[in-house]
S.K.: 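Can you read through this structure? Questions will come right after.
Since the model is a prediction, treat every value here as computed from it, not as a measurement.
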Amino acid sequence: GVDANLEAGGSISGTISGTGGAALDESSNVVVRALTGEEYWVESAYVQPDGSYQLTGLDSGNYVVQVVDTQGYYVSEYFDDVSTYQSATQVPVEESEDTDGTDVQLARAGSISGTITGPNGDPLADSEDIYVRTYDANGERVSTSWVDEDGDYTVTGLAPGTYRLGFRDYEGIYAAEYYDDAESLSAATPIPVTSGASITGKNAELALGGAISGRITGPEGASLSQGSDVRAVAYDADGEEVGEGWAANSGSYTIPGLGTGVFRIGFEDWNDLYATEYYDNQASLELANAVDVTAGETRRGRGAGPAPAHTT
C-alpha cells in the first residue's frame with residue numbers, strides 16, 4: 001500500500017471585536033487570513049457570531065494575520081494593530097499546536113459617496129462602466145469602486161485620513177477627471193474622513209472624452225511583428241496612467257476617455273519584442289513630448305516606431 005502518516009496542522013485563534021472590545025456590528029462580514037507573503041494567503045476563516053475565529057491546517061512557520069471586513073463597516077488591518085503587511089507582527093505556528101490570543105480590535109471605517117452624471121447633469125449613458133479610484137494622502141491608490149445603474153457610488157472601509165478621488169470610464173465615452181473638476185491628482189480637492197464618518201455629496205459631472213490616436217510601427221516604418229502586443233498609455237501631469245489603447249493589426253491605436261489637459265504617451269510591448277519608448281521617440285516619461293487634448297475631440301497623428309527590444 002502507498003501509505004502516509006500525516007501530521008496534524010497547527011492553528012491560529014483569537015477574538016475579533018470592535019473598538020473597546022465591543023461586539024462586531026451585524027452589518028459587518030469579517031474574514032481572517034493567514035499570509036506568508038503580502039499577496040499570498042494560505043488559509044482563511046470567517047469570524048463567528050461570538051467574535052471567535054480559528055485558522056487551521058497550518059504548517060510550522062511564521063504567519064501574518066490580516067483581518068478584512070468585506071462590507072467595509074470596519075477598517076481592515078493586520079495583527080497587531082497596523083495597516084501594512086510590512087509592519088505586521090509575525091505569528092509563530094507549530095504543528096499540532098494552537099497559537100491562541102491573536103486578538104484584534106477593529107476601528108469603525110469612514111465612507112465617501114456621491115453621484116456621477118454626464119454633461120449638463122444628464123444621466124450616464126452606460127453607468128456600469130464608470131468607476132471611482134480612491135487615493136490616500138501619499139497618492140497611493142487604496143480602492144476602486146464601481147458606480148451603480150443610477151450613477152451613485154460609495155467608497156467604504158476608509159481609515160481616518162485625507163483622500164482624493166479620480167473618476168474613470170472603462171469604455172472611454174466620458175473624460176477622466178478628479179474631484180472636484182480637476183485635471184490631475186495633485187490638483188484634486190482633498191476630502192478629510194474621520195472614524196465612522198459618512199461623507200456625502202462628492203458628485204461629479206463628466207465631460208465627453210477626448211482622444212489621442214496614431215499608428216505604431218517597427219524600425220524604419222515596418223509593420224509590427226505578428227507576435228507583438230503593444231499598448232499605448234496616456235499619463236497626466238503627475239505621471240498617473242489615465243487611459244490606454246491597444247495597437248490593432250495595422251498598428252493604429254486610440255486612447256479614449258481623456259479630459260482637457262496635457263498628456264504624455266508611452267508605448268510598450270507586453271511580449272517584449274520591442275523596446276518601450278515615449279512620444280516623440282524619447283527614452284523616458286520625463287523627456288516625452290506633451291500632447292494637448294480637448295475634451296470631446298480627437299488628437300490625431302501621435303505615432304511611434306519602437307526599436308527591437310535588447311536581448312542578451
Side-chain angles (χ1 to χ4, degrees), residues 38-39 66 68 72 75-78 82-88 107 109-114 116 130-147 153-170 172 174-195 197-207 209-210 212 231-245 255-266 268 276 278-279 282 284-293 295:
E38 187 169 6
E39 302 296 335
Q66 181 189 36
V68 177
V75 178
S76 299
E77 67 172 68
Y78 297 86
V82 294
S83 60
T84 65
Y85 176 88
Q86 290 77 9
S87 55
S111 66
I112 302 172
S113 62
I116 314 299
I130 310 296
Y131 58 96
V132 183
R133 289 177 174 172
T134 304
Y135 302 85
D136 64 16
N138 297 319
E140 296 293 328
R141 193 186 310 170
V142 297
S143 71
T144 299
S145 307
W146 292 88
V147 172
Y153 75 90
T154 301
V155 181
T156 60
L158 298 176
T162 301
Y163 297 90
R164 288 169 289 177
L165 302 179
F167 306 104
R168 300 283 185 274
D169 178 5
Y170 183 78
Y174 297 101
E177 68 172 62
Y178 298 86
Y179 183 82
D180 185 18
D181 199 27
E183 295 178 4
S184 65
L185 181 61
S186 60
T189 300
I191 303 172
V193 176
T194 57
S195 180
S198 297
I199 310 300
T200 61
K202 302 307 176 184
N203 306 324
E205 183 179 297
L206 303 183
I212 296 172
R231 182 175 78 125
V233 186
Y235 299 88
D236 66 14
D238 296 324
E240 175 80 9
E241 285 192 22
V242 293
E244 67 176 9
I255 304 173
L258 301 177
T260 298
V262 178
F263 301 90
R264 289 169 291 174
I265 312 303
E268 57 188 31
T276 296
Y278 299 84
Y279 184 78
Q282 301 297 329
S284 68
L285 181 62
E286 292 73 21
L287 296 174
N289 291 4
V291 180
D292 295 321
V293 174

S.K.: Please name the pair of heavy atoms, one in Ser145 and one in Thr154, separated by the smallest distance, quoted to 0.1 Å.
M.R.: OG-O, 3.7 Å
S.K.: Determine whether Leu206 and Asp169 make a side-chain contact, defined as any pair of heavy atoms from C-beta on separated by less than 4.5 Å.
M.R.: no
S.K.: Are Ile255 and Phe263 close enough that some pair of their side-chain heavy atoms sits under 4.5 Å apart?
M.R.: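 Contact flag for Ile255/Phe263 side chains = no.
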S.K.: Can you find a pair of side-chain heavy atoms, one from Phe167 and one from Tyr153, that are under 4.5 Å apart?
M.R.: yes
S.K.: Not counting sequence neighbours, which residues clear side chain to side chain contact (heavy atoms under 4.5 Å, CB included) with Ala187? List them please.
M.R.: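 With sequence neighbours excluded, Ala187 shows a side chain to side chain contact (heavy atoms under 4.5 Å, CB included) to Ala182, Ser184, given in chain and number order.
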S.K.: Please identify each residue that fulfils salt bridge (charged side-chain N to carboxylate O under 4.0 Å, His left out) with Arg231, with sequence neighbours left out.
M.R.: Glu241, Glu244, Glu268
S.K.: What's the shortest heavy-atom distance between Tyr78 and Ala88, and which atoms?
M.R.: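 Closest approach of Tyr78 to Ala88, heavy atoms only: CB-CB, 3.8 Å.
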S.K.: Answer yes or no: is there a side-chain heavy-atom contact under 4.5 Å between Gln66 and Val68?
M.R.: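 Contact flag for Gln66/Val68 side chains = yes.
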S.K.: Residues in side chain to side chain contact (heavy atoms under 4.5 Å, CB included) with Ala288, at least two apart?
M.R.: Arg264, Tyr278
S.K.: A quick test of your reading: do over 12 heavy atoms of other residues, nucleotides or ligands sit less than 6.0 Å from OH of Tyr85?
M.R.: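 Yes - once you tally the heavy atoms of other residues, nucleotides and ligands closer than 6.0 Å, there are more than 12.
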S.K.: Taking all atoms of both residues into account, what is the closest heavy-atom pair of Asn203 and Asp180, and its distance?
M.R.: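 Smallest heavy-atom distance, with atoms named: O-OD1, 4.4 Å.
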S.K.: Do the side chain of Asp238 and the main chain of Glu240 share a donor and acceptor less than 3.5 angstrom apart?
M.R.: no
S.K.: Find the distance between CG (Leu258) and CG (Asp236) and round it off to the nearest 0.5 Å.
M.R.: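 Leu258 atom CG to Asp236 atom CG measures 10.0 Å (nearest 0.5 Å).
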S.K.: Just how far is it from atom OH of Tyr179 to atom CD1 of Ile116, taken to the nearest 0.5 Å?
M.R.: 10.0 Å
S.K.: In the structure I gave you, are the side-chain heavy atoms of Val242 and Arg168 within less than 4.5 Å of one another anywhere?
M.R.: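 Val242 vs Arg168: side chains touch.
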S.K.: Mind listing the closest non-hydrogen atom pair of Leu287 and Gln282 along with its distance?
M.R.: O-CG, 3.3 Å
S.K.: Go through the structure and list residues passing ring pair (Phe, Tyr, Trp, His ring centres under 6.0 Å) with Tyr131, not counting sequence neighbours.
M.R.: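 Only Trp146 meet the ring pair (Phe, Tyr, Trp, His ring centres under 6.0 Å) criterion with Tyr131.
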S.K.: Quick one: side chain to side chain contact (heavy atoms under 4.5 Å, CB included) partners of Ser198, sequence neighbours excluded?
M.R.: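 By the side chain to side chain contact (heavy atoms under 4.5 Å, CB included) rule, Ser198 matches Ser111.
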S.K.: Ignoring hydrogens and angles, write down the donor-acceptor pairs under 3.5 Å from the side chains of residues 157-165, residues two or more places apart or on other chains.
M.R.:
residue: Tyr163; atom: OH; partner: Ala159; partner atom: N; Å: 3.3
residue: Tyr163; atom: OH; partner: Ala159; partner atom: O; Å: 2.6
residue: Arg164; atom: NH1; partner: Leu185; partner atom: O; Å: 3.0

